[in-house]
Amino acid sequence: MGNIEEIVDSLENKISKVLHRLEQLRLENASLSDALASSRQELENQKKQVALCEEKYDALKLANSMLGSDDNKRETKLKINALIRDIDHCIAQLSE
């Protein structure tokens, strides 16, 4: 009988250790999930900031070329032509 009691005690001890480890892993998982969500939010914020910087850069390129820089003249001409087409389209719609 002593042998069976030792086996039962050993099983209880092992089950207790497994349950404790399970709880530790659950806590770690929750912590990692929070960190992942935080990292995703930070990445999204950085993407928005990059997009904003790109828009500002494009605006600065356009302004620079309008001031007489030769670097982006072609792009500026294309942009101006596109704006003129848009204005012409709006005028045509208003005339209808």
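Residues passing the side chain to side chain contact (heavy atoms under 4.5 Å, CB included) test with I80, sequence neighbours excluded: M66, T76, I84.
Of the inter-residue distances, the one linking K48 atom NZ with Q46 atom CD reads 12.5 Å to the nearest 0.5 angstrom. Rounded to the nearest 0.5 Å, atoms CD1 (I15) and CG (L22) are 12.5 Å apart. Distance check: R26 CZ to N29 CG gives 10.0 Å after rounding to the nearest 0.5 Å. Note: L78 CG to L83 CG = 11.0 Å, rounded to the nearest 0.5 Å. The structure places CZ of R21 at 4.0 Å from CG of L25, a figure rounded to the nearest 0.5 Å. One finds the CG atom of D9 at 12.0 Å from the CD1 atom of I4 (value rounded to the nearest 0.5 Å).
Contact annotation: the side chain of Q24 approaches that of H20 to within less than 4.5 Å [non-hydrogen atoms, C-beta and beyond]. Using a 4.5 Å heavy-atom threshold, the side chains of E23 and L19 count as separate. In this structure, the side chains of N45 and Q49 stay at 4.5 Å or more apart for every pair of heavy atoms.
Cluster note: I87 groups with I91 through ILVMFWY side-chain heavy atoms spaced under 4.5 Å, whether in direct contact or through intervening members. Clustering of Ile, Leu, Val, Met, Phe, Trp and Tyr side chains at separations under 4.5 Å places I7 together with L11.
A donor-acceptor pair is defined here as one N or O able to donate and one able to accept, closer than 3.5 Å; no such pair exists between the side chain of S10 and the backbone of E6.
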